[in-house]
Amino acid sequence: ETALNIPFRDKEALLAVTEYLSTGEYTVGDIDSLSPFSKIIYLFLQEFSLFQGDYKNFAQNIYQAKLLALDINQKEMELFCELLIANSYCNCECLQKAEKIYMDILNFTEKNTLFNSMLLTKYFYAKLKIREQKESEAFVLINDSLALIQKNHNNAKILYVMFEKLFVELMKKQQGSSEIIDSENAKLEQFREQLKIFFKEEC
């Protein structure tokens with residue numbers, strides 16, 4: 001929830017995000033009464049929960065969320081939309097196009113000290129590097145991000161879990177030490193119930 005930077009006034013949307021992360025499902029209230037910000041959140045949840053591999057359609061729908069974010073001047077939400085669109089490009093093998101978006105966002109977030117958006121960008125960028133089989137570059141992005149989270153005492157559990165799981169995935173791909181993999185997996189266990197959506201492939 002910290003990564004999405006949800007204002008307290010949209011607490012129902014926050015509760016829906018929390019519910020989705022822990023169960024894979026969410027409850028929707030009266031759509032017509034929602035703020036524009038909450039409508040964007042529910043649009044995200046809808047796209048995540050209904051996604052079946054059609055990245056082109058996903059990107060088109062997320063683009064509509066980006067337009068809504070522009071209308072209400074929610075820059076970090078706009079950047080999140082751009083990251084999701086770039087990730088869709090990546091999964092459609094438009095790697096250069098995706099990388100340019102990641103680099104542009106990374107430069108912007110570093111310049112404007114948007115910490116969580118910067119970390120999200122590094123996460124998606126690391127995934128692109130893995131796809132390009134540039135594992136050493138991916139390791140640098142992952143390890144630097146985990147170090148930043150620890151150094152800044154960041155309480156975004158979502159970000160920590162995302163990077164830790166990506167680290168384990170990369171270690172397995174490289175047939176790394178089973179002791180290290182087991183140790184890193186053990187660190188993730190405390191988050192399994194609260195962020196079950198990230199562990200669903202293991203259930």
Side-chain angles (χ1 to χ4, degrees), residues 1-92 94 97-98 101-102 104-106 108-109 114-128 145 154-163 165-166 191 193-201:
E1 58 272 17
T2 305
L4 296 179
N5 197 27
I6 300 174
F8 182 72
R9 66 179 180 276
D10 294 290
K11 62 180 180 179
E12 287 188 10
L14 172 59
L15 291 173
V17 171
T18 303
E19 181 184 7
Y20 177 72
L21 291 172
S22 62
T23 68
E25 301 176 353
Y26 63 95
T27 304
V28 184
D30 180 8
I31 295 292
D32 292 333
S33 67
L34 296 174
S35 71
F37 190 93
S38 288
K39 287 180 180 178
I40 297 173
I41 294 296
Y42 282 112
L43 194 155
F44 285 148
L45 293 175
Q46 173 182 290
E47 292 305 310
F48 294 153
S49 62
L50 297 178
F51 180 71
Q52 294 185 338
D54 187 345
Y55 283 99
K56 183 177 180 180
N57 184 65
F58 177 82
Q60 289 173 342
N61 291 337
I62 293 299
Y63 181 74
Q64 298 305 311
K66 177 185 172 180
L67 295 179
L68 287 173
L70 280 167
D71 283 344
I72 61 174
N73 197 31
Q74 279 288 343
K75 187 62 181 179
E76 288 193 272
M77 192 63 73
E78 177 194 343
L79 293 174
F80 185 53
C81 291
E82 289 183 13
L83 289 173
L84 293 176
I85 292 169
N87 184 58
S88 296
Y89 287 142
C90 183
N91 282 282
C92 293
C94 299
K97 195 169 185 178
I101 295 173
Y102 294 149
D104 288 345
I105 297 176
L106 196 56
F108 179 85
T109 54
L114 299 175
F115 186 74
N116 288 327
S117 293
M118 179 190 68
L119 287 173
L120 280 170
T121 307
K122 289 189 174 187
Y123 172 80
F124 284 110
Y125 198 18
K127 291 187 69 172
L128 182 147
S145 297
N154 190 275
N155 62 356
K157 297 174 185 177
I158 297 172
L159 290 170
Y160 173 76
V161 169
M162 288 166 66
F163 279 109
K165 286 189 67 65
L166 198 56
F191 304 104
E193 289 303 313
Q194 187 177 6
L195 300 173
K196 192 175 291 185
I197 192 70
F198 293 107
F199 299 89
K200 62 179 181 179
E201 70 277 7

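All heavy atoms count here, side chains included; hydrogens, waters and symmetry mates do not.
Classified by interplanar angle (parallel below 30°, tilted 30° to 60°, perpendicular above 60°), the ring pair Tyr102/Tyr125 is tilted. Ring-plane geometry between Phe58 and Tyr55 is classed as perpendicular, the angle between the planes exceeding 60 degrees on a 0 to 90 degree scale with a lower cut at 30.
Between Phe191 and Phe198, the ring centre distance reaches or exceeds 6.0 Å.
For Tyr63, the OH atom counts as loosely surrounded, since its 6.0 Å shell holds 12 or fewer non-hydrogen atoms of other residues, nucleotides or ligands. Around atom OH of Tyr20, more than 12 heavy atoms belonging to other residues, nucleotides or ligands sit under 6.0 Å away. Within 6.0 Å of CD in Glu25 there are 12 or fewer heavy atoms belonging to other residues, nucleotides or ligands.
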(message) Is there a side chain to side chain contact (heavy atoms under 4.5 Å, CB included) between Leu84 and Phe48? Walk through the geometry before answering.
(response) CA-CA 11 Å; Leu84 293 176; Phe48 294 153; 3.9 Å; yes
(request) Carefully, step by step, assess Leu114 and Phe108 under the rule side chain to side chain contact (heavy atoms under 4.5 Å, CB included). (result) CA-CA 8 Å; Leu114 299 175; Phe108 179 85; 3.7 Å; yes
(message) Test side chain to side chain contact (heavy atoms under 4.5 Å, CB included) on Gln64 and Leu68; report intermediate values, then the result.
(response) CA-CA 6 Å; Gln64 298 305 311; Leu68 287 173; 5.9 Å; no
(message) Walk me through whether Tyr26 and Thr18 qualify under side chain to side chain contact (heavy atoms under 4.5 Å, CB included).
(response) CA-CA 8 Å; Tyr26 63 95; Thr18 303; over 6 Å; no
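Residues satisfying the salt bridge (Lys or Arg N to Asp or Glu O under 4.0 Å) test with Lys75, not counting sequence neighbours, are Glu78. By the salt bridge (Lys or Arg N to Asp or Glu O under 4.0 Å) test, Glu82 is found to be paired with Lys66, residues two or more places apart in sequence or in another chain being considered.
A heavy-atom distance below 4.5 Å is not found between the side chains of Gln74 and Ile40. Side chains of Val17 and Phe44 form no contact here, defined as non-hydrogen atoms less than 4.5 Å apart.
Side-chain atoms of Glu47 never come within 3.5 Å of backbone atoms of Asn61 as a donor-acceptor pair (strictly under, hydrogens ignored).
Distance check: Glu19 CD to Ile197 CD1 gives 11.5 Å after rounding to the nearest 0.5 Å. With values rounded to the nearest 0.5 angstrom, Leu45 atom CG is found 10.5 Å from Leu50 atom CG. A distance of 11.0 Å separates CG of Leu106 from CG of Leu79, quoted to the nearest 0.5 Å. With values rounded to the nearest 0.5 angstrom, Tyr123 atom OH is found 11.5 Å from Leu83 atom CG. To the nearest 0.5 Å, atom CE of residue Met77 and atom OG of residue Ser117 are 9.5 Å apart. Atoms CG and CZ, on Leu120 and Phe163 in that order, are 7.5 Å from each other to the nearest 0.5 Å.
Closest approach of Ser22 and Lys196 over heavy atoms only: O-CB, 3.2 Å. For Cys81 against Ile62, the heavy-atom pair with the smallest separation is O-CG2, 3.6 Å.
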